[in-house]
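Structure first, commentary second.
First listed ligand is number 1; within each ligand, the first listed atom is number 1.
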Amino acid sequence: MGTSRMFRIFVVLGSAFMILLIIIYWDDVGASHFYLHTPVSPGPKVPHPVPQKRPQTSRAPSFLSDIDAFVNQFLEPGTGTIYTAAGVEDSPDSTGSRQRRRLLQEMCANDSILFHGKNRSFDDIPNKELDHLIVDDRHGIIYCYVPKVACSNWKRIMIILSESLLQEGVPQRDPLAIPRDLVHNSSMHFTFNKFWKRYGKFARHLMKVKLKKYTKFLFVRDPFVRLISAYRNKFELPNEDFYRRFAQVMLRRYGNQPTPPASVDEAFSLGIHPSFSHFIQYLLDPQTEKDMPFNEHWRQVYRLCHPCQIQYDFVGHLETAEEDAEHLLRLLRVDNVVEFPTSSRNLTASSWESDWFSTVPVEARRELYKLYEPDFRLFGYEKPDSLINE
Ligand SMILES: *[C@@H]1O[C@H](CO)[C@@H](O)[C@H](O)[C@H]1NC(C)=O
Ligand SMILES: *[C@@H]1O[C@H](CO)[C@@H](O)[C@H](O)[C@H]1NC(C)=O
Ligand SMILES: *[C@@H]1O[C@H](CO)[C@@H](O)[C@H](O)[C@H]1NC(C)=O
Ligand SMILES: *[C@@H]1O[C@H](CO)[C@@H](O)[C@H](O)[C@H]1NC(C)=O
């Protein structure tokens with residue numbers, strides 16, 4: 001009797017172990033499959049130079065950590081498990097990124113700071129909300145891109161690192177040589193929301209393993225200055241797409257234009273475009289989110305990057321982009337592969353804030369602050385008292 005019971009336990013444990021083995025083996029097959037087929041370029045395969053792999057721990061510990069991650073899923077259902085890459089903790093940091101990470105952890109743990117989706121678990125984040133996380137398996141990097149925060153330059157760097165343009169003759173070390181429309185073409189980037197298609201029901205498991213092992217970063221900037229930048233870029237310059245999708249709506253609703261001009265060229269030639277104040281009114285209008293979620297150029301960073309579900313290893317500030325970039329590339333161990341392009345463009349400066357907001361009523365500024373307060377607090381930007389206490 002005793003031995004047959006023991007035998008049954010043995011069989012059950014053995015089968016569970018085999019299932020684990022199959023799942024983990026399957027992950028590795030999946031990863032190497034991706035490694036061989038980079039997203040674009042169906043052309044002839046050129047042998048890859050020796051990849052700049054991060055020093056790998058031996059097979060055994062990483063095998064164990066896979067099992068850990070897998071088992072954790074069952075042990076901690078629904079808790080917001082936080083994932084981080086090992087080893088980053090110990091790197092020297094002169095940029096203040098470490099304080100920013102600590103602040104982020106404090107803010108996520110502080111129950112008096114609330115926002116939509118804050119305390120859901122990673123599993124509860126819908127796939128389509130994971131579309132800003134770009135994965136580079138070659139170097140073990142995950143980048144959450146935030147539009148209007150140097151995202152073109154960081155996307156260029158991610159493309160260079162993925163080596164997907166090697167065959168097209170784009171100089172390997174020059175991010176600025178990549179044509180602009182390619183940079184923002186989503187087929188150039190392997191994002192988390194594409195995991196489902198490639199890995200099926202193992203997608204979430206694989207995401208979690210990658211979140212645990214890879215180095216994750218994002219760049220942020222002052223939320224109000226980001227809005228000024230978005231407005232300048234999308235509505236002060238003629239942009240047909242944004243004119244049709246957003247400017248016409250603003251002109252109709254707030255600009256006394258029941259029938260706005262049909263095309264952006266026509267509108268600009270008549271000197272018609274929504275004012276900054278119209279843009280702010282649009283953001284504050286409850287109807288806006290009812291129609292569809294905020295466009296990514298003005299969607300809050302906490303909604304794009306899920307900073308309380310994903311423990312970022314590096315939080316860069318655009319205000320100190322060059323120092324931060326230098327430090328980050330060293331941290332990612334790719335400073336010998338690529339350089340962050342220095343920008344000579346006319347960047348939106350924080351000092352313009354009071355000018356820009358002078359046309360926006362104080363009450364609207366206060367409401368706007370509430371809308372973006374989580375971004376201010378999570379990422380260490382001061383409340384703009386001079387703007388909202390007039
Ligand atoms: C949480 O945030 C509140 C409000 O900002 C602050 O007063 C409090 O000290 C914070 N609590 C902790 C434990 O940091
Ligand atoms: C999540 O936050 C809400 C408040 O927004 C709170 O009522 C709820 O208890 C929280 N859930 C967990 C699991 O902490
Ligand atoms: C993106 O690139 C793919 C393949 O290179 C191409 O088929 C597609 O038309 C491009 N999309 C846009 C919007 O340019
Ligand atoms: C930058 O843009 C601002 C406002 O759009 C303008 O006033 C300023 O002259 C520009 N500076 C340069 C160097 O182009």
Side-chain angles (χ1 to χ4, degrees), residues 34 36-46 79-80 82 96 98-119 128 131-136 143 145 147 151-152 154-172 175-194 197-198 220 222-223 233-234 238-246 264 295-297 300-302 307-309 311-312 315 366-385 388-389:
F34 172 59
L36 291 173
H37 302 274
T38 36
V40 272
S41 58
K45 292 278 172 231
V46 172
T79 56
I82 275 179
R98 185 175 300 178
Q99 279 121 286
R100 290 176 209 149
R101 278 174 52 218
R102 201 170 306 133
L103 177 72
L104 202 48
Q105 283 162 12
E106 276 171 31
M107 293 294 161
C108 289
N110 188 332
D111 287 334
S112 68
I113 293 156
L114 280 175
F115 49 83
H116 180 74
K118 181 186 179 188
N119 58 10
K128 64 175 189 306
D131 59 347
H132 281 61
L133 293 153
I134 300 177
V135 182
D136 174 22
Y143 164 48
Y145 73 93
C151 92
S152 307
W154 284 108
K155 279 182 173 176
R156 288 169 194 278
I157 287 181
M158 294 305 281
I159 292 174
I160 299 256
L161 292 179
S162 75
E163 296 177 12
S164 49
L165 286 181
L166 265 189
Q167 291 92 333
E168 327 256 311
V170 171
Q172 179 53 11
L176 295 178
I178 305 170
R180 202 181 158 74
D181 49 342
L182 222 48
V183 172
H184 293 289
N185 185 324
S186 73
S187 73
M188 290 302 298
H189 301 284
F190 189 52
T191 43
F192 263 9
N193 59 320
K194 297 180 185 170
K197 211 165 161 192
R198 194 184 293 247
V220 294
D222 181 294
N233 183 245
K234 300 298 175 208
N239 180 317
E240 190 67 46
D241 183 35
F242 277 74
Y243 178 76
R244 285 173 189 279
R245 284 161 70 201
F246 307 105
V264 74
N295 176 270
E296 59 172 3
H297 291 85
Q300 295 89 335
V301 178
Y302 75 86
C308 290
Q309 283 78 24
Q311 192 177 352
Y312 287 94
V315 179
R366 290 200 190 115
E367 275 181 57
L368 191 69
Y369 176 72
K370 275 197 218 125
L371 204 53
Y372 287 85
E373 183 174 11
D375 278 3
F376 276 97
R377 305 207 54 189
L378 289 166
F379 301 113
Y381 288 97
E382 292 209 2
K383 187 174 180 175
D385 281 320
I388 55 188
N389 285 337

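In this structure, the side chain of Arg156 engages the main chain of Ile178 through a donor-acceptor pair within 3.5 Å. At distances below 3.5 Å, not a single donor-acceptor pair connects side-chain atoms of Glu296 with backbone N or O atoms of Tyr145. With hydrogens and angles disregarded, a donor-acceptor distance shorter than 3.5 Å links the side chain of His189 to the backbone of Val183.
Comparing Ile113, Asp111, Asn110 by heavy-atom distance to atom 6 (C) of ligand 1, the nearest is Asn110. Of the listed options Asn185, Asp181, Leu182, Asn185 places a heavy atom closest to atom 1 (C) of ligand 3.
Ligand 1 has Arg377 within reach: a non-hydrogen atom of the residue lies less than 4.0 Å from it.
Listed by number with element, the atoms of ligand 1 under 4.0 Å from a non-hydrogen atom of Ser112 are 1 (C), 2 (O), 3 (C), 4 (C). Every atom of ligand 3 with a heavy atom of Ser187 under 4.0 Å away is listed here by number and element: 1 (C), 2 (O), 3 (C), 4 (C).
Remark: the Lys155 side chain and the His184 side chain contain an N/O donor-acceptor pair separated by less than 3.5 Å.
Checking atom 9 (O) of ligand 1 against the protein gives no heavy-atom contact under 4.0 Å.
A salt bridge does not link Arg102 with Glu106: every distance from a Lys NZ or Arg NE/NH1/NH2 to an Asp or Glu carboxylate oxygen is 4.0 Å or more.
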